[in-house]
Structure formats: C-alpha cells, structure tokens
Amino acid sequence: MSTQSPFRRPSVLARRRVLLTTAAAAIAPVLAACGADPASKEPKKPAEPTVQITPNIENNATGVAVDKVVKVDVAKGRLDEVMLTGAKGTKVRGTITEDGLSWSAGEVLEPTASYTLAVTATGDDGLEQTSEVKFSTEDLGLDRQTYPSIAPLDGETVGVGMPIIVTYDLPVKNKAAFEKKMIVESTPKQEGSWYWVSDKEVHYRPRTYWQANSTINVKLNINSVPAGGGIFGQKDREITFKTGDAHIYRANAQTHQMEVFKNGQKIRTIPITTGKEGFITRSGVKVIIEKFKRKTMNSETIGINQGDREYYNMEGVKWAMRLTFSGEFIHGAPWSVAQQGNANVSHGCTGMSDENAKFLYDMTRRGDVVETVGTNRQMTFSNGWGDWNTSYGEYQAGSALA
C-alpha cells in the first residue's frame, strides 16, 4: 500500500503564472517612470498680442456722415499698414503719423457707399494684430449735393481777360471751406484771387491780365465738403485751359477810333461808331463773352417795342461779338459806315464796317479784352464779365479767406 506525501509539487502552469505576475510587477514601475506627465499632454496656447487698435468707426456702422474723417489709433505698438477701400476698389489716401500711433484719411467719403478699413499693427511685444471694419455712408439725394460748372472749358484757349467762373447749382454758405479746396495754378506763375459774386457763383482772376500763352489748371476738390444747410459738394472737377496771344481792343467814343493790339503791338486802327444820346456805350473793361457769324438784333430785347421810333429788328448782322449781358456787341454795321470815325449813332453797340468786323472776328477768342473810354456811363461788374472794373484789392476782399 502506498502513502501520499502531504506536499504537492506545483504544476508547470502554476509556476508560469507566478513568473508572469512577478515580471509584470517588476516592469510596472519602469513604465510609470518613462511615461509623460498627463498635464504636459495639453498644447500650449499662443500668446495674445498686446497692441490695441481703435478705429473711430464701429464695425457694420451705417449712415456714416460723408464729411467724417476716418481715423485709427493704436496703443502698445505701432501701425504697419492701413487700407481704406471703397466698394469699387477705390483707395482712400491717408497718412500714418511719424510715431506710428495714428492714421488719418486725407479725403472725405462718398455718399451711399460701402467701405472696408483694414489695419495691421505690431505690438511692443513683437506680435502682429489685424483688424477689419466694414461700414456704409449716408444716402444724399441730389437736393443735398451741389455740382460745379466751370468756364472756360477744359482744353479751351481763351483771351487774356478771361476770368475763371464757377457756378454751383445749389447755394454754398460755407464759402471758406469750399475756397480752401479750389486750387488755381498757372504756368508761368501769376498771383490771383477768388471773388464770391453770390452763394452760387464765384470768379477768379489774376492781379493783371493773364500772360499770353499761359497754361492754367483749376482743381475743385469739393467732393463731400460741407456747403452748409445740410448740402455737400457733389463732385471733384479739374480742367486745364490756355491763353492765346494778348488781344486788347481800345475803343474811344470821343475820337470814334478803335486801336487793335496784339501782344503789345498795335496792328490796326478801326473807325467806329458807339452809342448815341440815350443809348450811351459803357466805359470800362469788357471781355468778349460769345461770338456769332450772324445775329438777329431786335430792340425788344432792350425794352424798345414796336411803335417806338427807335424800334429795330435786323436779321443776319455779321460778325457779332457780345460784350455785355444787356446787349452791347461789336459787330459789322454797313448802314453806318459814313458816320464811323465821325459820330456816335448806335443804340449802344460798337459798330464798324463788315470788313473790319470780320478781321476782328477771325482773330478774337472769348476772353479777349475791349477797353472803352470816352463816355460818362460806366461798365458794372455783373453786366457781363466785368471782373476788371474793380481794383485788385477790392477783388481780394471778395474772397471768403480774406
């Protein structure tokens, strides 16, 4: 009979389990030691720029006034670039200050327009920041915008007496603000001044007649400039014109002669007749306003009606050149050739032979000068282009900036 031992030898499987458990226990501290800290697994957040960008218009603002000057300020940094762009891609110029802390637009805004203001700045910490603001401007109807018309025309060649005439279709009360934006430059350089005739009309002339063969550039930078009364300038305008030879025609109602000067040289003396008693021709400096190869002259335009013994209605008067709004002309007068050079028999016009009238007509441009002397009736500022019938000092006093 056999007897069993009280101790049993562990099986192979049991021994393997013990060994694996022991090995795992030994490895566990090693794995724990090589693993990363759970907190270190989170990504680091980039530093926020400290530069502060402050435009003076809020994002998505509407109805912004067209005369508002857009500005941008920064703190704790410097501006790198500022772009103010209209809906059609037009750029509004502006200037960053030397210290880089602010930017101001150099132009006002267009009405009923959308704009984007894009700003890039770098902080004192070296980090870059961008900002974008979108906004739109107020809607101005035509009843709140004044438009300038200009004489002479762009590219025109005129006489040396031609004033620059700007006419606005709506009144300008804030004349000084407009005049600061109305620039005249001449080559060669010539001193001149603006003169406000009314709220809608302003003239410019040099101290003396323009020099012959000058080039004059006129810039009216009045777009969106406040005119007063809720009205704004509607559009910038620019023209360039030239003067031709200096034509000065000197008419003497006492001697009944007209001396014709070109660039200071007398080239002809013409027998004339001027206005008779009751229709005296005006003395003073007149400027040719317009020209007609043929012109119907009817006395009703100057208040002489049919039935009056002074009534006339003459069709096809040749080589007529207007001097005043009230009806003074230089023209051919073949019916009075016998009196020309001897007596004054007209209704106020300066008459001469058709031959002499054509000679003048062919050389004359609007803006050429007629200086009349010898009568007791004076030319006025407003009856035609009478700008030369006042002293330059008085003319300057008519400037809004005087």
Asker: For Thr157 and Thr243, indicate whether the former's side chain and the latter's backbone hold a donor-acceptor pair under 3.5 Å.
Answerer: no

Asker: Within this structure, what is the NZ-NE2 distance for the pair Lys295 and His331, rounded to the nearest 0.5 Å?
Answerer: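 NE2 of His331 is found 11.5 Å from NZ of Lys295.
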
Asker: Would you say the side chains of Tyr249 and Thr364 form a donor-acceptor pair under 3.5 Å?
Answerer: yes

Asker: Evaluate side chain to side chain contact (heavy atoms under 4.5 Å, CB included) for Asp387 paired with Phe381, printing each intermediate quantity in order.
Answerer: CA-CA 6 Å; Asp387 299 67; Phe381 189 105; 3.6 Å; yes

Asker: Counting only heavy atoms not in Glu300 (residues, nucleotides, ligands), do more than 12 fall under 6.0 Å from its CD?
Answerer: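 Enclosed: over 12 neighbouring heavy atoms sit under 6.0 Å from CD of Glu300.
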
Asker: If only atom types and distance count, is the side chain of Asn389 paired as donor or acceptor with the main-chain N or O of Thr380 below 3.5 Å?
Answerer: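 Flag not set: sc Asn389 to bb Thr380 has no pair under 3.5 Å.
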
Asker: Looking only at side-chain N and O atoms, does Thr116 offer a donor or acceptor that is under 3.5 Å from a partner on Lys134?
Answerer: yes

Asker: Does any part of the side chain of Arg268, heavy atoms only, come nearer than 4.5 Å to the side chain of Leu360, both counted from C-beta?
Answerer: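 They are not in contact (no side-chain heavy atoms under 4.5 Å apart), so the answer is no.
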
Asker: For Asp125, give me all partners under side-chain contact (heavy atoms from CB on, under 4.5 Å), at least two apart in sequence or on another chain.
Answerer: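 Residues passing side-chain contact (heavy atoms from CB on, under 4.5 Å) with Asp125: Thr50, Leu127.
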
Asker: Under the 6.0 Å and 45° cation-pi test, does Arg205 pair with Trp194?
Answerer: no

Asker: Where do Asn223 and Gln234 come nearest, in terms of heavy atoms and distance?
Answerer: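 Closest approach of Asn223 to Gln234, heavy atoms only: OD1-O, 3.1 Å.
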
Asker: Do the side chains of Leu101 and Asp73 get nearer than 4.5 Å, heavy atoms only?
Answerer: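 Of all side-chain heavy-atom pairs linking Leu101 with Asp73, none is under 4.5 Å.
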
Asker: Looking at Arg250 and Glu259, does any basic side-chain N land under 4.0 Å from a carboxylate oxygen?
Answerer: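 Result for this pair is no, no salt bridge flagged.
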
Asker: After noting the C-alpha distance and the side-chain angles of Lys68 and Phe135, does the key distance pass the side chain to side chain contact (heavy atoms under 4.5 Å, CB included) rule?
Answerer: CA-CA 12 Å; Lys68 186 177 185 67; Phe135 64 94; over 6 Å; no

Asker: Donor-acceptor pairs under 3.5 angstrom involving side-chain atoms of residues 161-183: please list them, not counting sequence neighbours.
Answerer:
from	atom 1	to	atom 2	distance (Å)
Asp169	OD1	Thr146	OG1	3.4
Asp169	OD1	Tyr147	N	2.6
Lys173	NZ	Asp199	OD2	2.8
Asn174	ND2	Pro226	O	3.3
Lys175	NZ	Val172	O	3.2
Lys175	NZ	Asp199	OD1	2.4
Glu179	OE1	Trp196	NE1	2.8
Glu179	OE1	Ser399	OG	3.4
Glu179	OE1	Ala400	N	2.8
Glu179	OE2	Ser399	OG	2.4

Asker: Would a distance-only check, ignoring hydrogens and angles, find a side-chain to backbone donor-acceptor pair under 3.5 Å from Gln52 to Ala75?
Answerer: no

Asker: Looking at CG of Leu220 and CD1 of Ile150, how far apart are the two atoms once the value is rounded to the nearest 0.5 Å?
Answerer: 4.0 Å

Asker: I'd like to know if the side chain of Ser283 reaches the main chain of Thr375, judged simply by a donor and an acceptor atom lying under 3.5 Å from each other, with no hydrogens or angles considered.
Answerer: yes

Asker: Please report the C-alpha distance between Val184 and Ile216 in whole Å, then the side-chain angles of each, then the deciding distance to 0.1 Å, and finally whether the side chain to side chain contact (heavy atoms under 4.5 Å, CB included) criterion is met.
Answerer: CA-CA 7 Å; Val184 177; Ile216 299 99; 3.8 Å; yes

Asker: Just checking, any donor-acceptor pair under 3.5 angstrom between side chains of Thr240 and Asn217?
Answerer: yes

Asker: I'd like to check Leu109 versus Leu84 (side-chain heavy atoms, cut-off strictly below 4.5 Å). Are they in contact?
Answerer: yes

Asker: Would you say that Ile330 contacts Met352 through its side chain, given a criterion of any heavy-atom pair below 4.5 Å between the two side chains?
Answerer: yes

Asker: Between Phe261 and Val369, does the side chain to side chain contact (heavy atoms under 4.5 Å, CB included) criterion hold? Intermediate values first, please.
Answerer: CA-CA 10 Å; Phe261 290 84; Val369 178; over 6 Å; no

Asker: I want to check something: taking the side chain as every heavy atom from C-beta on, are Met258 and Thr350 in contact at a cut-off of under 4.5 Å?
Answerer: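 The answer is yes; the side chains approach within 4.5 Å.
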
Asker: Any Lys/Arg nitrogen of Lys358 or Asp354 sitting under 4.0 Å from an Asp/Glu carboxylate oxygen of the other?
Answerer: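 The answer is no: the pair does not qualify as a salt bridge.
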
Asker: Might you point out which heavy atoms bring Val108 and Ser224 nearest each other, and give the distance in Å?
Answerer: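 Shortest heavy-atom contact: CG2-CB, 3.3 Å.
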
Asker: Check whether the side chains of His256 and Asn342 place a donor and an acceptor atom closer than 3.5 Å, and report yes or no.
Answerer: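 No, because no side-chain N or O of His256 sits under 3.5 Å from a partner of the opposite role on Asn342.
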
Asker: For Val74 versus Gly77, what's the shortest heavy-atom pair and its separation?
Answerer: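 Where Val74 meets Gly77 most closely, the heavy atoms are CG2-O, 3.8 Å.
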
Asker: Using atom types as modelled and distance alone, determine if a side-chain donor or acceptor of Glu201 lies under 3.5 Å from a backbone N or O of Ser198.
Answerer: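 Absent.
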
Asker: So does Glu290 get a backbone contact from the side chain of Arg322, meaning a donor-acceptor N/O pair under 3.5 Å?
Answerer: no

Asker: Only counting residues at least two apart or in another chain, list the ones meeting side-chain contact (heavy atoms from CB on, under 4.5 Å) with Ser336.
Answerer: Thr273, Ala333, Gln339, Gln340, Val345

Asker: Would you call Ile304 and His347 a side-chain contact if the rule is heavy atoms closer than 4.5 Å?
Answerer: yes

Asker: Quick check against the 3.5 Å criterion: does Thr97 have a side-chain atom that pairs as donor or acceptor with the backbone of Ser102?
Answerer: yes

Asker: Would a distance-only check, ignoring hydrogens and angles, find a side-chain to backbone donor-acceptor pair under 3.5 Å from Asp368 to Arg365?
Answerer: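 Pair found, side chain donor or acceptor close to backbone of Arg365.
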
Asker: Please report the interatomic distance CG(Asp80) to CD(Gln129), rounded to the nearest 0.5 Å.
Answerer: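 If I round to the nearest 0.5 Å, the distance is 11.5 Å.
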
Asker: So do the side chains of Val92 and Val70 get within less than 4.5 Å of each other, counting heavy atoms only?
Answerer: no

Asker: Please say whether more than 12 non-hydrogen atoms of neighbouring residues, nucleotides or ligands are located less than 6.0 Å from NZ in Lys291.
Answerer: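 Counting neighbours around NZ of Lys291, more than 12 heavy atoms of other residues, nucleotides or ligands fall under 6.0 Å, so yes.
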
Asker: Using distance alone, with no hydrogens and no angle criterion, decide if Asn298 and Thr301 have a side-chain donor and acceptor under 3.5 Å apart.
Answerer: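 Looking only at side-chain atoms, Thr301 and Asn298 do not form any donor-acceptor pair under 3.5 Å.
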
Asker: With rounding to the nearest 0.5 angstrom, report the CG to CD distance, Asp154 to Glu238.
Answerer: 8.0 Å

Asker: Side chains of Asn344 and Thr274: donor-acceptor distance under 3.5 Å anywhere?
Answerer: yes

Asker: Can you give me the closest heavy-atom contact between Val69 and Asn56, atom names plus distance?
Answerer: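 Smallest heavy-atom distance, with atoms named: O-ND2, 3.0 Å.
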
Asker: Drop me the distance from Trp103's CH2 to Met83's CE, to the nearest 0.5 angstrom.
Answerer: 9.5 Å

Asker: So which heavy atom on Thr208 is nearest to which on Pro206, and how close?
Answerer: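 Taking Thr208 first and Pro206 second, the nearest heavy atoms are O-CG, 2.9 Å.
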
Asker: I'd like to check Pro148 versus Ile222 (side-chain heavy atoms, cut-off strictly below 4.5 Å). Are they in contact?
Answerer: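 The answer is yes, as the side chains (C-beta and beyond) meet within the 4.5 Å cut-off.
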
Asker: Using only atom types and a distance under 3.5 Å, with no angle test, would you say the side chain of Thr281 pairs donor to acceptor with the backbone of Gly275?
Answerer: yes

Asker: Using modelled atom types and a 3.5 Å cut-off, is there a donor and acceptor pairing between side-chain atoms of Gln190 and backbone atoms of Pro188?
Answerer: yes

Asker: Counting only heavy atoms from other residues, nucleotides and ligands, does the tally under 6.0 Å from CD of Glu191 exceed 12?
Answerer: yes

Asker: NZ/Lys88 to OG1/Thr90 distance, rounded to the nearest 0.5 angstrom?
Answerer: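 So the NZ of Lys88 and the OG1 of Thr90 are separated by 8.5 Å.
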
Asker: Just wondering, more than 12 heavy atoms not from Lys276 lying within 6.0 Å of its NZ?
Answerer: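 Yes, enclosed.
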
Asker: Might you point out which heavy atoms bring Ile288 and Met321 nearest each other, and give the distance in Å?
Answerer: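 Smallest heavy-atom distance, with atoms named: CD1-CB, 4.0 Å.
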
Asker: Any side-chain donor-acceptor pair under 3.5 Å between Asn263 and Asp245?
Answerer: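 Distance-only check passes for Asn263 and Asp245.
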
Asker: Ring-plane angle category for Tyr392 and Tyr395, please: parallel below 30°, perpendicular beyond 60°, tilted otherwise.
Answerer: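 Correct class here is parallel.
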
